[in-house]
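For reference, the structure is listed below as structure tokens.
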Amino acid sequence: MKSIDLPLYKKTARLILRPLEETDYENWVQAYSSMKPPQNEWDETNWAESELTKKKFKELLKQEKQQRNADHFYSFGVFLKDDGLLIGNVSLMDISRAVFQNAYLGYRIFNPYWGYGFAQEASHGALDIAFRKLKLHRVEAGIAPSNKKSIKVAKALKMRKEGLSKRRLLVNKKWMDMEIWALTKEEF
């Protein structure tokens with residue numbers, strides 16, 4: 001299935017999920033320059049000013065559009081519904097079609113907005129897009145066993161733990177084990 005410009009937009013109770021647009025530049029700069037110091041090993045710090053240029057933002061938009069058009073990767077900004085503030089992102093990645101119809105779910109809420117249930121709400125919205133709009137059959141999440149907050153999100157989404165994948169991802173030049181959590185369209 002080659003992507004057509006589906007209305008990739010989802011409203012939840014408190015959030016709006018949608019691809020970033022050129023008009024989001026200032027919001028994007030604000031989001032990536034106003035994080036608290038990293039709260040754990042999966043968190044990140046503010047981006048350098050040199051990474052927050054209009055040129056880099058336009059390159060990001062172009063890359064995301066190419067990935068959507070190839071039906072390979074869908075990235076969504078997570079915006080607060082009441083004020084439009086960008087608070088994170090959620091992605092459906094490495095889409096496989098043919099007999100698999102699968103994607104991997106990734107989510108990140110910027111640390112000033114942790115503790116409000118936004119990761120769960122945004123991820124549920126992304127699952128809705130995956131199953132209803134993109135017609136996927138299965139979505140997986142790979143989570144480091146020590147990442148208890150992400151495991152809590154997966155459980156809240158009713159994903160099931162399928163096992164441990166040894167040395168699955170190369171992170172900071174080190175191979176990390178990942179728990180595999182999954183959900184199918186029938187379970188959603």
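Here the structure is a predicted model, which is why all the values come from computation and not from measurement. Heavy-atom basis, side chains included; hydrogens, waters and symmetry copies ignored.
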Rounded distance [0.5 Å steps], OG in S150 versus CE in M178: 9.0 Å
Can a cation-pi geometry be assigned to R18 and F79, taking NZ or CZ under 6.0 Å from the six-membered ring centre and within 45° of the ring axis? yes
Consider only side-chain heavy atoms of I, L, V, M, F, W and Y, link residues closer than 4.5 Å, and tell whether V90 and Y104 are in one cluster. no
Looking at the rings of Y107 and H124, which for Trp means the six-membered one, are their centres under 6.0 Å apart? no
Are there over 12 heavy-atom neighbours, none belonging to E22, within less than 6.0 Å of that residue's CD? no
Nearest 0.5 Å, please: how far is CZ in F73 from CD in Q67? 5.5 Å
Looking at every heavy atom in both I151 and W181, which two are closest together, and how far apart are they? CG2-CZ2, 3.7 Å
Dump the intermediate steps for side chain to side chain donor-acceptor pair (under 3.5 Å) on T184 and E187, then the final yes or no. CA-CA 5 Å; T184 63; E187 296 162 323; 3.0 Å; yes
Do K161 and E179 come close enough that some side-chain heavy atom pair is under 4.5 Å? yes
Test L20 against F57 for side-chain contact (heavy atoms from CB on, under 4.5 Å), laying out the working first. CA-CA 10 Å; L20 294 174; F57 184 68; 4.1 Å; yes
With heavy-atom distances below 4.5 Å as the criterion, would you say the side chains of L61 and E21 are in contact? no
Could you please spell out the steps behind the side-chain contact (heavy atoms from CB on, under 4.5 Å) verdict for L136 and I95? CA-CA 9 Å; L136 293 168; I95 293 176; 4.0 Å; yes
Between F131 and V139, is any pair of side-chain heavy atoms under 4.5 Å apart? yes
State yes or no: are the ring centers of F110 and Y32 separated by less than 6.0 Å? yes
Kindly indicate whether the side chain of K158, heavy atoms from C-beta on, has any atom under 4.5 Å from the side chain of F188. no
Just by distance, do the side chain of D83 and the backbone of L85 share a donor-acceptor pair under 3.5 Å? yes
Within-4.5 Å side-chain heavy-atom neighbours: R97 and D71: yes
Beyond-backbone contact of I180 with L164, side-chain heavy atoms, under 4.5 angstrom: no
How long is the gap from CD on E59 to NZ on K56, to the nearest 0.5 Å? 6.5 Å
Salt-bridge present (E140, R138; N to O < 4.0 Å): yes
Between D177 and R168, does any NZ, NE, NH1 or NH2 come within less than 4.0 Å of an OD or OE carboxylate oxygen? no
Does K81 reach the main-chain N or O of T12 with its side chain, forming a donor-acceptor pair under 3.5 Å? yes
Nearest heavy-atom neighbours spanning L92 and A126: CD1-O, 3.7 Å
Show, in sequence, the C-alpha distance, side-chain angles and deciding distance for F118 and L15, and conclude whether the side-chain contact (heavy atoms from CB on, under 4.5 Å) test is met. CA-CA 8 Å; F118 293 133; L15 305 172; 3.7 Å; yes
Heavy-atom pair of closest approach, residues A122 and V78: CB-CG2, 3.8 Å
Using the rule given for side chain to side chain donor-acceptor pair (under 3.5 Å), can you reason through H137 versus E186, listing the C-alpha separation, both sets of side-chain angles and the distance that settles it, and then say yes or no? CA-CA 8 Å; H137 179 256; E186 296 85 357; 2.9 Å; yes
Between S123 and V153, the two heavy atoms sitting closest are OG-CG1, 4.3 Å
If you measure from CD1 on I143 to NZ on K149, what distance do you get to the nearest 0.5 Å? 14.0 Å
Between L105 and F100, is there a shared hydrophobic cluster once you connect ILVMFWY residues whose side-chain heavy atoms come closer than 4.5 Å? no
If we only count heavy atoms from C-beta on, is the Y74 to S91 side-chain gap below 4.5 Å? no
Taking the side chain from N89 and the backbone from F76, do they hold a donor-acceptor pair closer than 3.5 Å? no
Single-linkage hydrophobic cluster L8~L127, side-chain heavy atoms < 4.5 angstrom: yes
Ring geometry between W47 and W28 (parallel below 30°, tilted from 30 to 60°, perpendicular above 60°): perpendicular
Within-4.5 Å side-chain heavy-atom neighbours: S33 and L52: yes
Between N27 (side chain only) and L86 (backbone N and O only), is there a donor and an acceptor less than 3.5 Å apart? yes
Is there a donor-acceptor pair closer than 3.5 Å between any side-chain N or O of N111 and the backbone N or O of K36? yes
For atom OH of Y116, is the number of surrounding heavy atoms from other residues, nucleotides or ligands below 6.0 Å larger than 12? no
NZ/K54: more than 12 non-hydrogen atoms of other groups inside 6.0 Å: yes
side-chain contact (heavy atoms from CB on, under 4.5 Å) evaluation trace for Q101 with K135: CA-CA 8 Å; Q101 300 297 325; K135 306 296 185 203; 5.7 Å; no
What is the distance from atom CG of D128 to atom CG of L134, rounded to the nearest 0.5 Å? 10.0 Å
For the side chain of K166 and the backbone of M176, is there at least one donor-acceptor N/O pair under 3.5 Å apart? no
Taking R160 first and then E162, would you say they form a salt bridge - that is, a charged N and a carboxylate O separated by under 4.0 Å? yes
Can you tell me if E64 uses its side chain to pair, donor with acceptor, with the backbone of S75 under 3.5 Å? no
Side-chain heavy atoms nearer than 4.5 Å, only ILVMFWY residues, links allowed to pass through others: does that put M159 and M93 together? no
